[in-house]
S.K.: 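One structure coming up, written as structure tokens, with questions to follow.
Everything numeric in this text was worked out from a predicted model, so none of it was measured. To find a chain, count down the sequence lines: A is the first, B the second, and so on, and within it residues start at 1.
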Number of protein chains: 4
Amino acid sequence: MTHSIAIIGASGYTGAELIRLIATHPGFEIKALAANSKAGQPLAAVFPHLRHLTLPDLVTWEQIDFDQIDLCFCALPHKTSQEVIAQLPASVKIVDLSADFRLRDPEAYAKWYGNPHSAPEMQKEAVYGLTEFYRDEISGARLVAGTGCNAATGQYILRPLIGAGVIDLDEIILDLQCGVSGAGRSLKENLLHAELSEGTNAYAVGGTHRHLGEFDQEFSAIAGRPVQIQFTPHLGPFNRGILATCYVKGDAATVHETLAKAYGSEPFVEVLPMGETPSTHHVRGSNFCHIGVTGDRISGRTIVVAALDNLTKGSSGQAIQNANLMLGQPETAGLMLAPCFP
Amino acid sequence: MTHSIAIIGASGYTGAELIRLIATHPGFEIKALAANSKAGQPLAAVFPHLRHLTLPDLVTWEQIDFDQIDLCFCALPHKTSQEVIAQLPASVKIVDLSADFRLRDPEAYAKWYGNPHSAPEMQKEAVYGLTEFYRDEISGARLVAGTGCNAATGQYILRPLIGAGVIDLDEIILDLQCGVSGAGRSLKENLLHAELSEGTNAYAVGGTHRHLGEFDQEFSAIAGRPVQIQFTPHLGPFNRGILATCYVKGDAATVHETLAKAYGSEPFVEVLPMGETPSTHHVRGSNFCHIGVTGDRISGRTIVVAALDNLTKGSSGQAIQNANLMLGQPETAGLMLAPCFP
Amino acid sequence: MTHSIAIIGASGYTGAELIRLIATHPGFEIKALAANSKAGQPLAAVFPHLRHLTLPDLVTWEQIDFDQIDLCFCALPHKTSQEVIAQLPASVKIVDLSADFRLRDPEAYAKWYGNPHSAPEMQKEAVYGLTEFYRDEISGARLVAGTGCNAATGQYILRPLIGAGVIDLDEIILDLQCGVSGAGRSLKENLLHAELSEGTNAYAVGGTHRHLGEFDQEFSAIAGRPVQIQFTPHLGPFNRGILATCYVKGDAATVHETLAKAYGSEPFVEVLPMGETPSTHHVRGSNFCHIGVTGDRISGRTIVVAALDNLTKGSSGQAIQNANLMLGQPETAGLMLAPCFP
Amino acid sequence: MTHSIAIIGASGYTGAELIRLIATHPGFEIKALAANSKAGQPLAAVFPHLRHLTLPDLVTWEQIDFDQIDLCFCALPHKTSQEVIAQLPASVKIVDLSADFRLRDPEAYAKWYGNPHSAPEMQKEAVYGLTEFYRDEISGARLVAGTGCNAATGQYILRPLIGAGVIDLDEIILDLQCGVSGAGRSLKENLLHAELSEGTNAYAVGGTHRHLGEFDQEFSAIAGRPVQIQFTPHLGPFNRGILATCYVKGDAATVHETLAKAYGSEPFVEVLPMGETPSTHHVRGSNFCHIGVTGDRISGRTIVVAALDNLTKGSSGQAIQNANLMLGQPETAGLMLAPCFP
């Protein structure tokens with residue numbers, strides 16, 4: 001059976017990635033593409049790499065006839081997203097890729113995003129979209145909140161370890177490099193090729209990155225007590241990919257065993273043999289996440305490294321994985337594309 | 001129906017690209033992977049990005065049981081390729097990705113490649129693999145010779161124009177930039193990141209690049225008289241993609257019309273509206289070729305720019321397109337992956 | 001003797017490059033830095049890589065006390081530049097890096113830049129700043145107009161050849177790749193890392209690039225009759241560097257000899273041995289221009305390739321070379337920095 | 001006064017960087033360049049970016065007339081370096097850029113480098129070359145051992161903090177990204193552009209990187225008791241630059257104050273205002289090191305980020321800084337080149 005899909009926010013990178021993946025999805029058909037600032041244009045004017053596809057022209061989201069839509073992906077900036085989603089008909093299932101429904105607590109949202117939430121009642125309804133850990137709730141949900149891309153990466157490392165109680169909860173450091181597409185298609189000086197290529201820098205140092213809101217919420221819930229991690233993102237001169245290097249206190253073999261067991265039957269999360277280290281090169285353009293575990297020369301210290309593609313597993317691939325569950329499609333439908341290397 | 005596939009030369013980039021594409025091909029199953037220098041290893045040791053696939057371990061090509069193979073892709077270096085192919089059983093269809101069977105004339109081969117051909121009788125049998133122009137012969141062939149990646153790009157521009165007699169045959173300049181994967185996975189100083197990134201240079205200047213052998217053969221055959229073009233390749237600091245900028249003498253509107261007509265029903269070759277210019281960014285990782293035509297301010301001069309991915313449309317995607325024809329699969333099977341942007 | 005220098009437009013890339021070079025110039029001292037949109041800020045807030053220098057804070061250009069300034073570099077956008085320069089006191093020597101005084105003919109300026117010139121009388125006074133060819137005029141000038149970076153590259157190849165009458169004037173094709181810093185520090189979608197890295201494209205195809213105004217003016221003057229060339233720039237995924245590949249009709253040995261003779265005593269222009277090819281990697285960050293000549297397999301055709309750094313030899317290095325002449329400094333003062341490789 | 005310089009190992013990246021810097025050094029003149037595998041060639045054949053310099057051709061190191069040499073830079077691989085240096089006449093001062101004389105303890109050398117030291121008596125004589133901390137010893141030394149590039153970066157952060165006793169010695173994590181030139185000009189698959197660009201990975205995870213030998217030696221000496229840190233390097237897709245992100249337990253203001261005081265009068269080490277973060281972009285091609293300090297949201301945790309150019313401040317620039325001291329030149333001679341941005 002083919003499901004009818006709409007995408008709101010089709011002119012950004014996560015929108016483009018959704019279309020790229022749906023292009024070869026056997027069970028989804030795109031019926032509407034909205035991008036209010038580009039309404040009236042053919043998609044190929046905004047994303048020439050998709051010109052081979054037969055797709056509807058861009059419209060405003062208000063122009064979409066939602067009666068014919070089974071599921072709507074919402075790839076808008078936060079704040080705008082909650083305003084739009086609050087106006088969508090109840091008959092439409094929604095996967096939101098923004099930050100607007102990730103935090104269940106309106107105060108936490110206000111703290112991290114700087115504005116009060118305008119649809120707090122929907123926050124309660126939303127299911128957090130980290131598929132491997134919320135599969136049942138996602139299958140029955142009307143509104144799924146896609147996770148932050150960094151937040152997804154860190155959680156793939158830490159959720160099983162916190163859940164199994166095999167690491168020190170007060171001594172977790174997550175050091176991470178993110179490719180530039182994670183910042184979206186926005187005109188900022190630091191995203192120019194001339195500024196960003198050929199080097200790297202840290203940003204949001206000291207515990208100020210918004211994805212910490214997700215870490216705090218999820219890790220504290222798993223642990224049953226407040227958990228705060230240290231988290232430093234870096235901006236790397238590559239377009240796709242997140243590499244997270246996580247320092248924990250715990251036994252390396254136990255950490256590896258815990259992760260291997262947690263993901264043993266997962267189609268998209270691969271735990272490498274002990275001592276091997278993943279690379280973003282090897283997940284590029286795919287929905288896979290690779291995780292490697294290595295013990296340190298200092299006894300009781302372990303380093304866990306995870307790699308995924310921020311646009312795919314960290315965002316649009318995850319969104320489709322969730323949509324598959326919500327619509328009764330096979331979970332892996334449209335997502336088995338192999339990474340693009342070199 | 002599913003066909004059984006072998007790949008010889010699976011440890012190089014074109015081998016990896018074949019596997020990437022076959023991974024989601026509905027009608028092909030990989031039964032054997034050969035890489036003599038890496039025999040005995042799992043493929044994931046050589047290409048960790050393919051670790052999610054269930055594949056046979058690498059063997060030597062001599063270890064392959066060809067009785068169970070319908071078609072064999074041969075992704076070996078030239079010279080080695082002809083030696084191996086000459087020993088394969090007649091029951092196996094072959095798509096060769098090397099240069100060994102591209103030139104029908106043994107003397108031309110010896111001139112461009114510096115060694116006499118060791119299987120000249122097979123040269124006669126081989127069909128030149130530029131799918132759009134040799135479709136019928138390829139469908140019935142046992143041995144198809146994949147084209148050079150630069151040679152494919154130049155021919156997509158020039159074959160229809162030469163065939164239609166709309167450009168001056170003695171005034172053709174093909175200026176081209178090729179991504180580094182075109183040079184293969186070889187340990188050469190000029191292919192190191194530190195040497196190649198952040199800049200560009202021309203190479204094989206002055207009519208010495210081997211792909212000129214293909215241009216000479218094909219263009220002269222179409223024109224019915226000797227045709228020689230000027231061709232300058234450049235090595236660009238990107239991994240995938242060829243951008244060819246071709247200077248011809250002829251009327252721009254006629255050139256555009258000729259190309260639009262030639263490719264009107266082709267699934268993979270897109271002629272852009274007059275005056276638009278393609279980009280390698282927009283074909284990356286895909287089997288598509290984009291072509292743009294612009295008239296010059298000097299009357300009677302026209303610039304045609306073409307973009308494709310050297311590893312896909314220029315090599316492994318083309319090989320699969322040909323294999324589809326040879327095995328009775330739909331020509332586009334496994335090849336409709338959308339480009340990976342950004 | 002130390003000369004006092006002001007820079008107007010210090011917050012752009014050519015401004016930064018001027019400061020980088022003057023930082024180790026033995027005869028220049030920066031007395032004022034203007035950037036009207038950033039006035040009041042320390043330079044390090046705009047260009048942290050220059051934080052080790054003791055420099056005046058940014059001011060508006062109107063705040064500069066020109067009585068203490070010997071020479072002012074003007075690195076503003078075109079149109080703004082002419083308006084500002086027209087207001088500067090006559091006692092100040094000026095090197096303009098914009099396009100505003102490159103074209104002597106107000107009509108040509110209006111045609112290529114889309115607006116009438118507001119200081120046409122100063123256009124007459126301005127000396128065209130291609131140092132090697134206007135040395136005497138520059139030495140005595142009050143206002144020198146820096147050339148376009150692409151225009152400089154093409155002229156290093158073609159001026160001696162046109163002047164010596166050794167190539168066909170109606171069959172010149174200049175195919176060129178330019179690094180992204182050539183587009184300045186402007187917030188445009190196509191200059192984002194995610195859009196520009198990992199690929200390439202042509203732009204201003206068909207004879208529409210503004211630097212053709214300079215080519216037309218200069219080449220026609222040298223030839224004594226109208227000369228129009230074909231010129232196609234490409235945007236490459238690197239920050240610094242121009243590689244120009246020029247196709248001419250003429251004898252390769254004669255072309256090489258003509259260029260070698262023209263630049264034999266030049267400190268910054270190096271003609272490589274016949275058949276060698278330059279690379280932008282080898283001039284990066286320096287004021288050098290490398291030129292290589294190769295004959296084609298087609299008799300009578302020659303390819304000339306030139307490489308320079310668009311920010312240095314193509315712009316700010318050239319500007320300082322000219323300022324040296326205007327102030328009686330050694331021409332090479334501050335400019336002998338070796339290229340930064342890798 | 002001009003000193004006569006020889007460079008052994010001139011065909012590698014650190015050799016090239018030495019020549020680049022000496023090219024504009026007012027007090028050094030290169031009298032001999034050795035590269036045994038390339039002896040007989042002009043340097044421009046190996047490094048075309050230095051072709052504008054008038055330099056002696058490459059020779060074997062045995063061919064150098066050391067009577068006319070004041071100081072010799074030795075940029076050989078470790079193990080080879082100790083063998084060569086042991087044979088140099090006592091009259092020649094030596095700055096070694098290899099790892100051979102960094103570790104004072106022969107057993108520590110054997111452990112980290114896998115072979116016994118062949119000149120252990122010279123190990124005792126060698127002075128560790130981190131200029132800012134060994135200035136007096138370096139000034140009087142005959143043999144100075146340049147530090148590892150990662151080792152330098154980590155020490156700029158940690159030496160003052162360990163010395164002042166303001167951080168927990170058992171809880172230090174150094175997470176670091178290094179540009180590819182740090183791996184030298186070696187033909188390894190993982191250093192190819194196609195393998196390394198567009199992504200990142202960790203390596204030597206778990207306390208196995210050789211530069212830990214230097215950290216252990218130096219930090220333990222400062223602390224007066226054994227200190228072991230955790231250290232994870234990553235390979236980034238850029239040519240020059242190291243960014244070290246260091247997690248310590250200590251008060252942020254105290255950490256900042258300690259570093260600011262330690263480097264207050266240093267010409268090349270800049271401590272940024274509290275809360276600012278450095279970038280490798282801003283030190284590229286220069287001898288500067290930028291250090292930034294930020295407190296974490298978790299009380300008592302501090303993040304210190306440092307950036308330098310591995311080839312300059314991390315290697316060849318440091319070597320020249322030391323040579324300046326050894327020869328009585330001003331310490332900053334030849335080293336004030338501004339970073340090359342963009």
S.K.: If you count heavy-atom pairs under 4.5 Å between each of A:Leu212, A:Asp170, A:Leu192 and chain D, which one has the most?
M.R.: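 Winner by heavy-atom pair count: A:Leu212.
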S.K.: To the nearest 0.5 Å, what is the distance between OG1 on A:Thr277 and CD1 on A:Ile291?
M.R.: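 Interatomic distance, A:Thr277 OG1 to A:Ile291 CD1, rounded to 0.5 Å: 13.0 Å.
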S.K.: Select one option (side chain, backbone, both, neither) describing which atoms of D:His282 are under 4.5 Å from chain A's heavy atoms.
M.R.: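 Interface part for D:His282: neither.
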S.K.: Side chain, backbone, both or neither: which part of D:Thr232 has a heavy atom under 4.5 Å from chain A?
M.R.: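 Contact with chain A is through both the backbone and side chain of D:Thr232.
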S.K.: Give, as side chain, backbone, both or neither, the part of D:Gln177 having an atom under 4.5 angstrom from any heavy atom of chain A.
M.R.: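 The side chain, not the backbone.
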S.K.: Under a 4.5 Å cutoff for heavy-atom pairs, which residue among A:Asp296, A:Leu243, A:Val283, A:Asn201 has the most contacts with chain D?
M.R.: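 It is A:Asp296.
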S.K.: Against chain D, label A:Ala202 side chain, backbone, both or neither, depending on which of its atoms sit under 4.5 Å from a heavy atom there.
M.R.: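 Interface part for A:Ala202: both.
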S.K.: Below 4.5 Å, heavy-atom pairs only: which of D:Ala252, D:Pro342, D:Gly241 has the largest tally toward chain A?
M.R.: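 Answer, by heavy-atom pair count under 4.5 Å with chain A: D:Pro342.
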S.K.: Answer whether the closest heavy-atom distance between the side chains of D:Phe268 and D:Met336 falls below 4.5 Å.
M.R.: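 Yes, at least one pair of side-chain atoms sits under 4.5 Å.
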S.K.: Given the options D:Gly275, D:Gly207, D:Gly236, D:Gly179, which has more heavy-atom pairs under 4.5 Å with chain A than any of the others?
M.R.: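 The candidate making the most pairs under 4.5 Å is D:Gly207.
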S.K.: Give, as side chain, backbone, both or neither, the part of D:Thr208 having an atom under 4.5 angstrom from any heavy atom of chain A.
M.R.: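 When you check distances to chain A, no heavy atom of D:Thr208 falls under 4.5 Å.
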S.K.: In terms of ring plane angle, is the pair D:Phe47 and D:Tyr13 parallel, tilted or perpendicular, where the classes change at 30° and 60°?
M.R.: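 Rings of D:Phe47 and D:Tyr13: tilted, 30 to 60°.
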S.K.: Given that the side chain runs from C-beta out, which part of A:Asp175 has a heavy atom under 4.5 Å from chain D: side chain, backbone, both or neither?
M.R.: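 A:Asp175 touches chain D through backbone and side-chain heavy atoms alike.
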S.K.: With a 4.0 Å cut-off on N to O distance, would you call A:Lys249 and D:Glu171 a salt bridge?
M.R.: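 Judged by the 4.0 Å cut-off on N to carboxylate O distance, A:Lys249 and D:Glu171 do form a salt bridge.
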S.K.: For the residue pair D:Tyr247 and A:Tyr247, categorise the inter-ring angle as parallel (less than 30°), tilted (30 to 60°) or perpendicular (more than 60°).
M.R.: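 The arrangement is tilted - the two ring planes meet at 30° to 60°.
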S.K.: Establish, yes or no, whether a centroid distance under 6.0 Å links the rings of A:His78 and A:Tyr113.
M.R.: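 Here the rings of A:Tyr113 and A:His78 have centres that are less than 6.0 Å from each other.
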S.K.: Would you call the rings of A:His209 and A:His211 parallel, tilted or perpendicular, taking 30° and 60° as the class edges?
M.R.: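 Geometry flag for A:His211 against A:His209: perpendicular rings.
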S.K.: By a 4.5 Å heavy-atom criterion (distance strictly below it), what part of D:Pro278 contacts chain A: side chain, backbone, both, or neither?
M.R.: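 Backbone only.
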S.K.: Please test D:Thr147 against D:Gln318 for side-chain hydrogen bond (donor to acceptor under 3.5 Å, both in side chains), starting from the C-alpha separation and ending with a verdict.
M.R.: CA-CA 8 Å; D:Thr147 73; D:Gln318 179 200 75; 2.9 Å; yes
S.K.: When only pairs under 4.5 Å are counted, which of A:Ile229, A:Thr200, A:Leu235 shares the most heavy-atom pairs with chain D?
M.R.: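 The candidate making the most pairs under 4.5 Å is A:Thr200.
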S.K.: So, do A:Ile303 and D:Gln230 sit near enough that their side-chain heavy atoms are less than 4.5 Å apart?
M.R.: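 The answer is yes; the side chains approach within 4.5 Å.
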S.K.: Go through A:Asn239, A:Leu196, A:Val305, A:Thr302 and name the one with the most non-hydrogen pairs under 4.5 angstrom from chain D.
M.R.: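 Of A:Asn239, A:Leu196, A:Val305, A:Thr302, A:Leu196 has the most heavy-atom pairs under 4.5 Å with chain D.
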